[in-house]
Protein chains: 2
Amino acid sequence: MGSTQLDQQTSEPKYWHLKTVLTEALDTEFSVGQALPNERELAARFGVARATLRQALDQLELEGRLQRRRGVGTTVAPPRVGVDVSPRRHTWPGAPGDAWVTTDCAAAPPPTAVARMLDVHPDEPVEVVHRVLATHGQAVATEQLYVPAGVLTDSGPLPEAAGGVARGRRMLAWLQELRPDSQDRAVELGSAGAPEARRLDQLPGAPVLIVTTRYTAAGRTVAAAVATYRADTCRLTFGTQGTVSLSGS
Amino acid sequence: MGSTQLDQQTSEPKYWHLKTVLTEALDTEFSVGQALPNERELAARFGVARATLRQALDQLELEGRLQRRRGVGTTVAPPRVGVDVSPRRHTWPGAPGDAWVTTDCAAAPPPTAVARMLDVHPDEPVEVVHRVLATHGQAVATEQLYVPAGVLTDSGPLPEAAGGVARGRRMLAWLQELRPDSQDRAVELGSAGAPEARRLDQLPGAPVLIVTTRYTAAGRTVAAAVATYRADTCRLTFGTQGTVSLSGS
DNA sequence: AAGTGGTCTAGACCACCAA
DNA sequence: TGGTGGTCTAGACCACTTT
């Protein structure tokens, strides 16, 4: 990355050109985990203001090429990890290390969007199971699973009001027995709220992929989940599924 | 949004607090399509620098709450449109207006990532079909479908070397006959390159959801597609699919 | 021509981490 | 304590759209 200065000629923004130059440097002269020079030095080297350089770094971080940690520095990020989110039976409780881990369970009123999905009143508390997914020792996703009280009444397996992890596990086991017969899923871009950011070891506002799932059994919505994946470090994968067709005109 | 000033006390960043205030205002005092005051005015009203205000607006735009157009202004964005990306037969050529439209077809060397997926040499040209998806008159996605020459040799349906739309349609029809038996799909965050940005009516660098698909027939990779969806305006949906199970510990 | 959002600057200070 | 990235300022100019 011996580049010094950069001569503009077109009306292409500086930060855009800068990003292109840096991308090329990352591809050819850097290896995963390697540290970049600090921002002040890089800005000086390219002859731009630090804010402009940061605009380029912001994009590279968004694309998962860089990893920045306050007080530490900027390093070349490893390729994104693929996380399977296909609606099929996959990992199970006793699996190695790469599986969802239940961290808590408590009753709370659902967000309005979730309330609408579950068709319950926003003020009425529902059971919320909190889970976390980690790979390679790094948290990559958190999830809240919402189950309306109405679904739990018949044969509800919550005799003692023991809150916490044990209760969460019990809820999952019970939902298992319910055998949900279908699910609708959606993926969209969002930004991490304060609690999610803390759980994912990120700064608030960091870009995340939000996966919302609606579970139905016997034509009835029995649960809804909102999972938050780190957009910088992971790629959501959907496995092979039956015969398909290309369409369009 | 009568708010004036804002008194900090915690170490919460100003732009974050600002975003919270604006979000609330959007929920209660604004309706879809309504214009916000301009950035200089808003900044003054909240007693912050314009750059700080913009940091808050950037996030709201990322979350799909706002729509900003240079030279025009900032308006409240409509809810994101759901785009079905489930691997099932859905819309067909003659469908209303909401379907993929083939815009071009030509031979070109694939990006390295695609070359690896197709297991071909990065310098060897492959057939590329360009398509665009629009909803409500707005382009929301573009796609490049890559088909290696090797797959086309046997009974290749490209007698005349007629480039362009007609050829693209022919390619799709032919792939249809091939009856791909499975597909692997992945979703990740990216930023729009110059050509994608132009086709999607956005600025370069805008956040997009990148969906890569690998089509296989008879255990062989016959094609790969890279689709780019506007992250601000759409939500990718995956329909109901068979029995499932919740897992974890 | 006027008004909008987009880019850019040259500083400053803060929060965090490691030595 | 020194170095890093994160936040913030008060300007300036540019590209674009509308009138």
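Letters A, B, ... mirror the listed sequences (proteins, then strands); counts begin at 1.
The side chain of B:T74 contributes no N or O atom lying less than 4.0 Å from OP1 or OP2 of C:dT4. Distances shown here put every side-chain N or O of B:Y15 at or beyond 4.0 Å from the OP1 or OP2 atom of D:dC8. The side chain of B:T52 contributes no N or O atom lying less than 4.0 Å from OP1 or OP2 of D:dT7. Within the structure, a side-chain polar atom (N or O) of A:N38 is placed less than 4.0 Å from OP1 or OP2 of D:dT4.
Listed for the A:R80 side chain is a donor-acceptor partner under 3.5 Å among the backbone atoms of A:A231.
The interatomic distance linking A:E41 (CD) with D:dG2 (P) rounds to 19 Å, in whole Å. Protein atom CZ of B:R54 is 17 Å distant from nucleotide atom P of D:dA10, rounded to whole Å. Taking atom CG of residue A:L53 and atom C1' of nucleotide D:dG6, one finds them 14 Å apart after rounding to whole Å. Going from atom CZ of B:R68 over to atom C1' of C:dT7 covers 12 Å, rounded to whole Å. B:L42 places its CG atom 15 Å from the C1' atom of C:dG3, with the value rounded to the nearest Å. The CD atom of B:Q55 sits 16 Å away from the C1' atom of C:dG5 (whole-angstrom rounding). The separation between A:F46 atom CZ and C:dC8 atom P is 14 Å, rounded to whole Å.
B:Q34 and B:S31 are linked by a side-chain donor-acceptor pair at a separation below 3.5 angstrom, with hydrogens and angles left out of the test. Side-chain atoms of B:R68 and B:T74 include no donor-acceptor pair closer than 3.5 Å. For the 3.5 Å distance criterion, the side chains of A:R169 and A:T102 fail to qualify, holding no donor opposite an acceptor.
Relative orientation of the A:W100 and A:Y229 rings is perpendicular, given thresholds of 30° and 60° on the angle between their planes.
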*For nucleotides 14-19 of chain C, just jot down a letter per nucleotide in 5' to 3' order: B, S or -, based on protein non-hydrogen atoms under 4.0 Å.*
-BBS--
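Among the heavy atoms of the strands lying under 4.0 Å from A:L203 are primed sugar atoms or P, OP1, OP2 only; no base atom is included.
Other residues, nucleotides and ligands contribute at most 12 non-hydrogen atoms within 6.0 Å of the CD atom of B:E24.
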